[in-house]
Amino acid sequence: MENNDGEWKAEQERVTGITKLLTSHIRGLSEELGLHRMDVVDMRKDFWEEVTVNFSSPDDLGETSTSLRQQSQILNERERHHLQSSKALKKYKKLVVSPYFGRIDFSEGSDGEQEQIYLGIGSLMKDNGTFLIYDWRAPISSLYYDGAPGPTAYDTPSGPVSGTMNLKRQFVIDDGKIEVMFDTGVTIGDELLQQVLSHSADDRMKSIVATIQKEQNAIIRNDKSRMLVVQGAAGSGKTSAALQRVAYLLYKYREVLQADQMLLFSPNPLFNSYVSTVLPELGEENMQQTTFQMYLEVRLGQEFQLEDVFNQTESLLNAPDGPEAAIRRKGIAYKSSVAFLDVIRRYVNLLEHEGMLFKPLMFLGRAIVGKEEMERKFYSYDPTIKLANRIELMTGWLLKKIADFSVEERNSEWVENQIELLDSSEYQRAYNLMRRKQRGKEEGFDDYETEKDLLARHLVSQRLKPLRVWIKRGRFVDVKGLYSTLFTDRELMETLNAGNSLPAVWDGICSQTLDAIAEGELCYEDATPFLYLKELSQGFRTNTLIRHVIVDEVQDYSPFQLEFMRRLFPRAKMTVLGDLNQAIYAQGEVLGDLASLVSVYGEENTEVISLTRSYRSTYEIVEFTRSMIPGGEKIVPFNRRGEEPLLSVVDSKSELLASVEKDIQELHSQGYHYVAVICKTAQESAEVHEELLSRIPVRLVTKETPNFQKGTLVLPAYLAKGVEFDAVIIYDGSAERYNRESERKLFYTACTRAMHLLHIYCLGEPNRFLTSASKQSMIAESAQS
């Protein structure tokens, strides 16, 4: 409904008053922080002058300890107050620009007094405790997102509160001035969404809490499910909702939950940069962010040259169709499956009875303990003891063997030679170290033989130190040999596969796997199964500090990887977000449907929410792209109109480059700051970047690129996942570049990155995903006509 001038004036007067109050708070806090900072610095400088240090007697020691504790507590209290004031100052500086974005008038019960509730990204109170602005995460704020004028209710920790909403109003406030104000009904008004979505990608993932939709709010405020699965169409706001969910959980459970107890698994480092501003914009610290590949590198990077998912994808995209590529795809599918997960579990159970492999303990070319002796010892333990517990017992036994060996080794010839070769500085260092160790003991340095014996003991201990570390880390278990056995012993695999058929190309899969391992390499599809076997056989390293895990682009993870995460973070709840239509990696195809995700924690512990409305792209782009994929008719475009996608067919590479160059220049002249030239592969991206760079400024994005920067970016389609751009140029969407059915989702993903403009060039005949699109009117006049 339209607002009259009187209402507008009254609302503006309130905004002006709030702005003045915030400005006053900012001024006061800035002065206070300056004084606090000087105070803390002075306290640190004078810390020891305020403390009486005396260790002469037990009483003096106690007095010193008390004095230290008191001064430390005072300093900690000042620093804590300084930190709280700093956070408040940051919040007020955000609020002063745009204090709030919504208002609801609510009357509790049937005859309660009406209260005007204003919502912003942070709360603001009067001195008497009355709220001037409510935080968007407060329980009552859910009415703004879920409710409509009329009877309504909201949940609180003490139970539901019902009443009547008499008004729902939205604002756009900039620099203390109301730019837009309107009253709305059930959903967030299209006017506000239109304004936010029409902005450049320059604002990227900045706070848009004012535009949270009802279905997104259900994601944000869900705190009961052990696992929350969000299946969302491209541009449906699932990542934004997930990050705002983090902010909500940190707000609601602020007494027990910290940002460093939440972990985001993102698709690539570029995405980490892309979302890095979101939580700070909402007044929260950033949570931990990593990629699954980074975790694998930490755990396996010292043993193998690890392939990552990008190299795996690049290899498959560039490989010619043939038996080798087919074998690789079949191998990826099997190793990513629940069937292979069960094989590993059965294998570990079998190893408790037979087949365990060990590496000998070697020192200077001699075996301290051989493989056979280790195997006999392992199977001498009570068979009811689990494998990982036996490894712990083996660790203690082997360390005892090392201790015994070190005593015998002190008289070895190499030790005597080493003592003779010590230069004066090394000798003095060893001598001083041994003196410290011997302090308080009767044994001293009174004669040469004692000194020699102590130095020998020191040298042997130092030389054996790496071996002791090796034992403590369980490296004596031959995990590489155990994993390789699965691909050398077909009879064993058929037994472990529990009657299920192995892939028809099993021999080829074995050959490819063993060849890579022999070269010291581990394919991406082997990394998680290998690590899972390593963990089960050596003792699973769990992380109990993490309380919430968020997995973005979950369609690119295999069931095997998700089960591994569940074991890795046993105390954590999990939120997984993805779009099955964007499953562009080979192992992601194994996931298939939502049933595999639900099975991770079980149906009773899992909730699934689907987002079907797409907000990122214009109506025309969504209408076009949804026709590329099966089931695309379920995607609902938001009614933000724009230009039709454009398809241009060219005859030559030189014409293609000239057209792309001209396109980029025109886009920048029109004010589009984030433009992407999306190629199929990294190899093609590098070639196109080199060609364009001699003509116009462009940046190449690789898998190592850490920052999302303004300008024109050239990148492969699989690195564009999860990111959005003002305009997208598909470099070559021809039938020659995209012809396999497995590349349909890759092409769809590339096209759905565009917010405002999509231009597809084809060097020759367009691919079949384009020709099957419903919007044939989009095809521009081509060079062939």
Side-chain angles (χ1 to χ4, degrees), residues 187 189-203 208 211 213 232-238 240 579 581-582 611-649 659-660 662-664 666-678 717 720-734 738 744-762 766-782:
T187 59
D190 280 3
E191 298 97 325
L192 188 57
L193 266 176
Q194 288 279 12
Q195 185 174 46
V196 171
L197 296 170
S198 65
H199 286 171
S200 166
D202 191 21
D203 293 326
I208 53 169
T211 62
Q213 302 297 289
S236 58
K238 51 187 178 293
S240 176
D579 178 9
N581 288 317
Q582 297 182 65
L611 301 177
T612 57
R613 184 176 292 272
S614 180
Y615 299 98
R616 172 191 298 136
S617 306
T618 61
Y619 179 91
E620 289 75 12
I621 293 173
V622 175
E623 274 289 290
F624 169 66
T625 54
R626 71 177 184 162
S627 63
M628 294 180 187
I629 50 172
E633 68 278 358
K634 297 177 182 176
I635 300 171
V636 181
F638 180 70
N639 191 26
R640 179 170 65 87
R641 309 302 298 211
E643 296 181 22
E644 292 281 356
L646 186 64
L647 173 63
S648 297
V649 180
S659 299
V660 169
K662 181 182 177 183
D663 219 359
I664 292 169
E666 288 180 355
L667 288 168
H668 284 301
S669 69
Q670 294 169 22
Y672 294 111
H673 301 302
Y674 286 85
V675 177
V677 178
I678 300 182
K721 177 184 287 290
V723 186
E724 59 192 24
F725 301 92
D726 294 338
V728 166
I729 297 169
I730 304 295
Y731 178 73
D732 183 6
S734 66
Y738 296 90
R744 178 186 293 275
K745 293 179 179 178
L746 182 70
F747 187 72
Y748 167 77
T749 300
C751 292
T752 56
R753 301 307 93 198
M755 291 176 62
H756 308 299
L757 291 172
L758 173 63
H759 195 162
I760 303 169
Y761 287 94
C762 295
N767 69 60
R768 57 196 175 96
F769 317 131
L770 283 170
T771 55
S772 65
S774 60
K775 287 276 185 183
Q776 294 302 316
S777 60
M778 65 166 277
I779 300 178
E781 182 178 351
S782 71

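Any value given below was found using the heavy atoms of this structure, including those in side chains, with hydrogens, waters and symmetry copies removed.
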Worksheet item: How about Q213 and R613: do any of their side-chain heavy atoms sit closer than 4.5 Å?
Response: no

The reported gap from OH in Y738 to SG in C762 (rounded to nearest 0.5 angstrom) is 10.0 Å

message = Whether E724 and R753 form a salt bridge (side-chain N of Lys/Arg under 4.0 Å from carboxylate O of Asp/Glu) is what I want to check.
response = no

CG of L647 to CD1 of I760, rounded to nearest 0.5 Å, is 6.0 Å

When every non-hydrogen atom of P766 is compared with those of V649, the smallest separation belongs to CG-CG2, 4.0 Å

- Task: Determine, step by step, whether I730 and F747 satisfy the side chain to side chain contact (heavy atoms under 4.5 Å, CB included) criterion, reporting the C-alpha distance in whole Å, the side-chain angles of both residues, the deciding distance to 0.1 Å, and the verdict.
- Result: CA-CA 9 Å; I730 304 295; F747 187 72; 3.9 Å; yes

Nearest heavy-atom approach of A750 to A717 is CB-CB, 4.1 Å

In L667, V728, D726, the residue satisfying side-chain contact (heavy atoms from CB on, under 4.5 Å) with H756 is D726

Residues at least two apart in sequence or cross-chain that pass salt bridge (Lys or Arg N to Asp or Glu O under 4.0 Å) with R626, listed by chain then number, are E623

Fill in: Steps toward side chain to side chain contact (heavy atoms under 4.5 Å, CB included) verdict (E620, E643)
CA-CA 7 Å; E620 289 75 12; E643 296 181 22; over 6 Å; no

Separation between OG1 (T752) and CG (N581), nearest 0.5 Å, reads 9.5 Å

Residues Y761 and S659: closest non-hydrogen pair is OH-O, 3.3 Å

In this structure, CZ of R640 is separated from OH of Y615 (nearest 0.5 Å) by 12.5 Å

On a heavy-atom basis, the closest approach of H759 and S648 is NE2-OG, 2.9 Å

query = Does a side-chain heavy-atom distance below 4.5 Å link M755 with F725?
reply = no

| request: Examine distances only and state if a side-chain atom of R744 and a backbone atom of M628 form a donor-acceptor pair shorter than 3.5 Å. | output: yes

* Checking K238 side chain against A233 main chain: does a donor-acceptor pair fall under 3.5 Å? -> yes

**Request:** Ignoring hydrogens and angles, tell me if any N or O in the side chain of S240 forms a donor-acceptor pair with the backbone of G237 under 3.5 Å.
**Result:** no

CG (L746) and CD (Q582) are apart, to the nearest 0.5 Å, by 10.5 Å

inquiry  = Using modelled atom types and a 3.5 Å cut-off, is there a donor and acceptor pairing between side-chain atoms of T625 and backbone atoms of Y748?
reply    = no

Taking every heavy atom of I635 against every heavy atom of S614, the minimum-distance pair comes out as CG2-CB, 4.1 Å

Exercise. Quick one: does K745's side chain have a donor or acceptor within less than 3.5 Å of a partner on I629's backbone?
Worked result: no

Correct closest heavy-atom pair for L770 and G733 would be CD1-O, 3.6 Å

Worksheet item: Is there a side-chain contact between H668 and V675, using heavy atoms and a 4.5 Å cut-off?
Response: yes

**Prompt:** Would a 4.5 Å heavy-atom cut-off, applied to side chains only, mark I664 and E666 as touching?
**Reply:** no

Exactly one of I621, I678, L758 clears side-chain contact (heavy atoms from CB on, under 4.5 Å) with C751, and that residue is L758

